[in-house]
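See below for the structure under consideration.
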Amino acid sequence: MSFGATNTISSLNGCVSSLQNSIRLLDSSISILDSGVHDFPRIKRVLQCTRHFELISEPTLYAAQTALADEIGPEVEHLLRRVEQHLAKMERREKVLIAKSELQEGRLQQKPSLSCSASSRQRSALGGNFQNAEKLRMLKGKKERVAHTLERLSLQASHKERQLRMTMNYGAS
């Protein structure tokens, strides 16, 4: 072989070795890239943005709030008027029941004193009066029922007042 052929072979050997180094470097780069992007489809799904809420401008929001208030405002006012009327009715009923209770209480207090003097005369004359005792027991039972009714109505009235306050607080906010 001649000097030119050896020179060409050695320069070709240098090119081959440089090409082999480049191939190794390229294989290494491909494996690094492969390990970096093998999870890319999953990452793409994770990072995909889904809008759950649409953003709207402040004037649009204000207009929607105003329209909603205009739509439900009259109904809320109507319901509040009905509640006020019902509360007034319940207050009147409570006053009537309190008056009835006081009247019954007054009658009960008057009857025993009257019936005691009369019954003492009758007891001395008749040796005891079973009817008066029975009447007194009935009146006591009636008094307890009226007191229970009054208590129940007071609780109902306070419950209605609480509901009205809650409704008023809700309407104010």
Side-chain angles (χ1 to χ4, degrees), residues 34-173:
D34 189 41
S35 70
V37 296
H38 80 283
D39 202 22
F40 187 70
R42 186 189 68 83
I43 291 174
K44 181 180 174 187
R45 273 194 315 269
V46 168
L47 295 177
Q48 186 176 14
C49 181
T50 304
R51 280 203 319 190
H52 296 285
F53 303 101
E54 188 170 333
L55 299 178
I56 58 174
S57 66
E58 201 169 315
T60 305
L61 177 64
Y62 181 72
Q65 285 176 334
T66 305
L68 185 62
D70 291 343
E71 183 179 328
I72 66 172
E75 184 66 24
V76 169
E77 289 175 11
H78 171 71
L79 291 173
L80 287 174
R81 278 193 304 276
R82 283 184 56 196
V83 166
E84 288 172 355
Q85 290 170 353
H86 188 70
L87 279 175
K89 181 180 174 183
M90 293 299 289
E91 286 174 359
R92 288 190 304 270
R93 188 171 176 193
E94 180 183 14
K95 288 178 183 176
V96 167
L97 286 173
I98 288 173
K100 281 183 180 179
S101 171
E102 289 172 353
L103 179 65
Q104 292 292 337
E105 202 171 289
R107 286 180 182 169
L108 283 176
Q109 289 174 355
Q110 287 176 355
K111 284 217 176 198
S113 64
L114 293 175
S115 64
C116 281
S117 60
S119 67
S120 62
R121 279 184 252 135
Q122 287 177 353
R123 278 189 200 144
S124 62
L126 300 174
N129 191 346
F130 178 72
Q131 288 178 341
N132 282 341
E134 184 66 29
K135 194 172 187 179
L136 182 62
R137 193 168 55 245
M138 283 184 359
L139 287 173
K140 284 182 181 179
K142 193 171 184 179
K143 178 183 176 183
E144 288 176 8
R145 287 192 301 277
V146 168
H148 176 70
T149 302
L150 179 63
E151 182 181 340
R152 181 176 51 83
L153 288 173
S154 295
L155 288 173
Q156 285 178 350
S158 66
H159 179 69
K160 293 290 183 185
E161 287 173 359
R162 185 176 41 234
Q163 284 180 334
L164 177 64
R165 280 194 302 272
M166 289 173 61
T167 304
M168 296 293 273
N169 288 341
Y170 176 73
S173 53

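Side-chain atoms are counted along with the backbone in the values below, which use heavy atoms only and exclude waters and symmetry mates. All values derive from a computational prediction rather than experimental measurement.
- Across every non-hydrogen atom of Pro74 and Ala69, the tightest pair is CD-O, 4.4 Å.
- To the nearest 0.5 Å, atom NZ of residue Lys140 and atom CG of residue Leu136 are 4.5 Å apart.
- We find the CG-CD1 distance between Leu61 and Ile56 to be 5.0 Å, quoted to the nearest 0.5 Å.
- Within the 4.5 Å cutoff, no side-chain heavy atoms of Gln104 are placed close to those of Lys143.
- For residues 58-83, the pairs satisfying side chain to side chain donor-acceptor pair (under 3.5 Å) are Ser57-Thr60, with sequence neighbours left out.
- The nearest pair of heavy atoms linking Leu87 to Ala157 is CD2-O, 4.2 Å.
- The distance from atom NE2 of His86 to atom CG of Leu164, rounded to the nearest 0.5 Å, is 11.0 Å.
- The CD1 atom of Ile98 sits 13.5 Å away from the CG atom of Leu103 when rounded to the nearest 0.5 Å.
- To the nearest 0.5 Å, atoms CZ (Arg145) and OG1 (Thr149) are separated by 8.5 Å.
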ask   = Which is it for His159 and Arg162 under the side-chain hydrogen bond (donor to acceptor under 3.5 Å, both in side chains) test, yes or no, and what are the steps along the way?
value = CA-CA 5 Å; His159 179 69; Arg162 185 176 41 234; 3.1 Å; yes
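- Counting all heavy atoms, side chain and backbone alike, Leu150 lies closest to Glu94 at CD1-O, 4.4 Å.
- Shown here is Arg152, whose CZ atom has more than 12 heavy atoms of other residues, nucleotides or ligands within 6.0 Å.
- Counting only heavy atoms from C-beta outward, the side chains of Gln109 and Glu105 approach each other to under 4.5 Å.
- Atom CG of residue Leu97 and atom CD of residue Glu151 lie 13.0 Å apart, to the nearest 0.5 angstrom.
- Side-chain contact between Val83 and Lys160 is absent, with no heavy atoms from C-beta onward closer than 4.5 Å.
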